[in-house]
Structures are given as C-alpha cells and as structure tokens.
Amino acid sequence: MEIRFAKPEDTMAILKLLEQIGKVHYDLRPDIFQFHAQKYGASQVLDRLANPETPTFVAVEGEEVLGYSFCEIKTFSQHPVMADRKEMFLEDLCVDENARGQGVGKALYEYVCKIAREIGCHNLTLHVWSDNAGAVAFYEKMGMKSQRYIMETVLEES
C-alpha cells in the first residue's frame, strides 16, 4: 500500500468514498444529514486537489484507492485570542468499507501527521460525531484526545 497526494485521476474513487461517508453520517444522524447527500462533487474535489492549503491524500493498492483524507492547513497569526501557530485540520478520513481493519486508516493518519510535522504544524485537529463510536475509538487509539466539545439540544421531536 502506498500513501500519496491525491491526483485528479483519483477523483471518481474519492467520490465513491464520499458516498460511503455520507451514508455513515445519515445513518448516525438522519435529523441532520440528508439521505444520499454528498458534500462535494467532482469539481469541488478537483478544486481541493489544486489548492495547496487543502492537501488531500489517498491510500492506494496498485490502481485502487482504498481511502482518502481531506486536510486543511490553518494559520493563526496576530489573532486576538489564539497564539500564533499553524495547524493541520483533518476534515475527513475515509476508508473503503471493504478495506477497513487492514491498517489503511492508520497509514493515512500517520502520513497526515508526518506531512503536518514537515510543514511546521503545531497540532492536528479534527471533528468527529460523538455517535460515531468506531471513529471515536479509532482516533483515540491513534493517540488523540478531546480538545473541546460542541454540545446540542435538539428542539424538535422527530
């Protein structure tokens, strides 16, 4: 397995994985996510690939994309509250449902950390839905811990 920066020819495989992650989110929170919704289309994925501030990585075996990670480099400079620093935000990490449990996610995560260190990031952050127990357990196993909480009260009965 190889981890590398995504290329435009990886777009269709990434879109298929986005369908999987969309289903996971809908299954967890149908009150928030739309059925069969996908957060990015082909042009948006291509825009991300062309932007050095939104690096995208893929795990590949031969020609097959087994997973991807969407990242965003965030820089805090002369912020009124935050210390000056650069951080890597891991927007998405998705492994094909047929490749889970084979170390693909760990390899992607470790690669993102490696790149973040190389470009001088202070930390790696991400958001994970609290109902996504598998993802929470995975990130905790990778050594992550909670930095802050987003809390909610659902005001409508379903």
Side-chain angles (χ1 to χ4, degrees), residues 1-75 85-148 150:
M1 176 177 48
E2 173 191 8
I3 310 292
R4 59 167 170 75
F5 280 90
K7 302 174 186 176
E9 52 268 27
D10 299 320
T11 300
M12 293 310 295
I14 291 170
L15 291 173
K16 288 180 183 176
L17 292 170
L18 277 165
E19 288 177 24
Q20 290 182 21
I21 204 167
K23 182 179 180 335
V24 167
H25 287 143
Y26 175 78
D27 288 347
L28 290 172
R29 292 296 305 262
D31 61 317
I32 295 176
F33 294 99
Q34 297 180 44
F35 184 68
H36 286 300
Q38 196 166 313
K39 74 179 187 179
Y40 296 129
S43 64
Q44 293 159 317
V45 170
L46 289 167
D47 288 346
R48 291 187 63 85
L49 299 184
N51 183 348
E53 297 300 309
T54 57
T56 299
F57 308 100
V58 289
V60 294
E61 189 74 59
E63 298 296 314
E64 184 180 6
V65 174
L66 303 175
Y68 74 85
S69 61
F70 287 151
C71 299
E72 180 182 348
I73 299 167
K74 296 184 175 188
T75 303
R85 72 181 193 292
K86 184 178 352 180
E87 75 179 32
M88 181 75 80
F89 177 70
L90 181 54
E91 181 181 336
D92 273 357
L93 190 151
C94 180
V95 174
D96 185 278
E97 58 196 2
N98 297 315
R100 293 184 187 147
Q102 299 173 25
V104 176
K106 181 179 181 187
L108 276 165
Y109 179 86
E110 289 174 348
Y111 193 81
V112 169
C113 288
K114 173 183 168 289
I115 297 296
R117 281 186 198 95
E118 287 175 2
I119 64 171
C121 290
H122 168 73
N123 58 341
L124 174 72
T125 61
L126 60 83
H127 299 161
V128 61
W129 290 92
S130 59
D131 291 339
N132 192 344
V136 171
F138 170 77
Y139 292 122
E140 288 175 343
K141 186 177 177 182
M142 295 296 102
M144 296 194 90
K145 61 182 181 177
S146 294
Q147 181 189 57
R148 62 184 131 182
I150 296 174

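The figures that follow rest on heavy atoms only: side chains count, while hydrogens, waters and symmetry mates do not.
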Query raised in the report: Taking only residues at least two apart or on different chains, which pairs with a member in residues 94-105 satisfy side-chain hydrogen bond (donor to acceptor under 3.5 Å, both in side chains)?
Result: Gln20-Asp96, Asp96-Asn98

Query raised in the report: Considering residues, nucleotides and ligands other than Met142, do more than 12 of their heavy atoms fall under 6.0 Å from its CE?
Result: yes

Requested in this report: Taking salt bridge (Lys or Arg N to Asp or Glu O under 4.0 Å) as the test, write out the residues that go with Glu91, two or more places apart.
Outcome: Lys39, Arg48

Report summary line: Hits for side chain to side chain contact (heavy atoms under 4.5 Å, CB included) against Ala6, two or more places apart or cross-chain, chain-then-number order -> Asp10, Ile14, Leu49, Thr56, Val58

Query - Pairing residues for Gln147 by the side chain to side chain contact (heavy atoms under 4.5 Å, CB included) criterion, not counting sequence neighbours - result: Asn123, Thr125

Report summary line: CG of Leu66 to SG of Cys94, rounded to nearest 0.5 Å, is 11.0 Å

Report task. Please say whether more than 12 non-hydrogen atoms of neighbouring residues, nucleotides or ligands are located less than 6.0 Å from CZ in Arg117. Result -> no

Report summary line: Between Asp92 and Tyr68, the two heavy atoms sitting closest are OD2-OH, 3.1 Å

Query raised in the report: Given side chains that start at C-beta, do those of Val112 and Cys71 come closer than 4.5 Å, heavy atoms only?
Result: yes

Report summary line: In short, ring-ring contact (aromatic ring centres under 6.0 Å, His included) pairs touching residues 4-23 with sequence neighbours left out are Phe5-Phe57

**Report entry** Residues in side chain to side chain contact (heavy atoms under 4.5 Å, CB included) contact with Asp47, at least two apart in sequence or another chain
**Finding:** none

**Report entry** Nearest atoms (heavy-atom pairs only) where Met88 meets Cys121
**Finding:** N-SG, 3.7 Å

Query - Gly67 versus Leu17, closest heavy-atom pair with distance - result: CA-CD1, 3.7 Å

Report task. Only counting residues at least two apart or in another chain, list the ones meeting salt bridge (Lys or Arg N to Asp or Glu O under 4.0 Å) with Lys23. Result -> Asp27

Requested in this report: May I ask you to check whether over 12 heavy atoms, not counting those of Gln34, lie within 6.0 Å of atom CD?
Outcome: no

**Report entry** Pair listing, side-chain hydrogen bond (donor to acceptor under 3.5 Å, both in side chains) test, anchored in residues 107-116, at least two apart
**Finding:** Lys114-Glu118

Query raised in the report: Is Tyr139 close to Leu90 at the side-chain level, that is, under 4.5 Å between some pair of heavy atoms?
Result: yes

Query - Minimum heavy-atom distance Lys86-Ile119, with the two atoms named - result: NZ-O, 2.7 Å

Query - Rounded distance (nearest 0.5 Å) linking atom OG of Ser69 with atom CG of Leu126 - result: 11.0 Å

Report summary line: Of all heavy-atom pairs linking Tyr40 and Leu15, the shortest is O-CD2, 3.6 Å

Query raised in the report: Say you draw a straight line from NE2 of His36 to CD of Gln38; how long is it, rounded to the nearest 0.5 Å?
Result: 11.0 Å

Report task. Please identify each residue that fulfils ring pair (Phe, Tyr, Trp, His ring centres under 6.0 Å) with His127, with sequence neighbours left out. Result -> Phe89

Query - Pairs satisfying salt bridge (Lys or Arg N to Asp or Glu O under 4.0 Å), at least one member in residues 58-75, at least two apart - result: none

Requested in this report: Kindly write out the residues that satisfy side chain to side chain contact (heavy atoms under 4.5 Å, CB included) with Glu53, not counting sequence neighbours, or none if the list is empty.
Outcome: Asn51, Ile73

Query raised in the report: Can you name the closest pair of heavy atoms from Ser130 and Val136 and give their distance?
Result: O-CG2, 4.4 Å

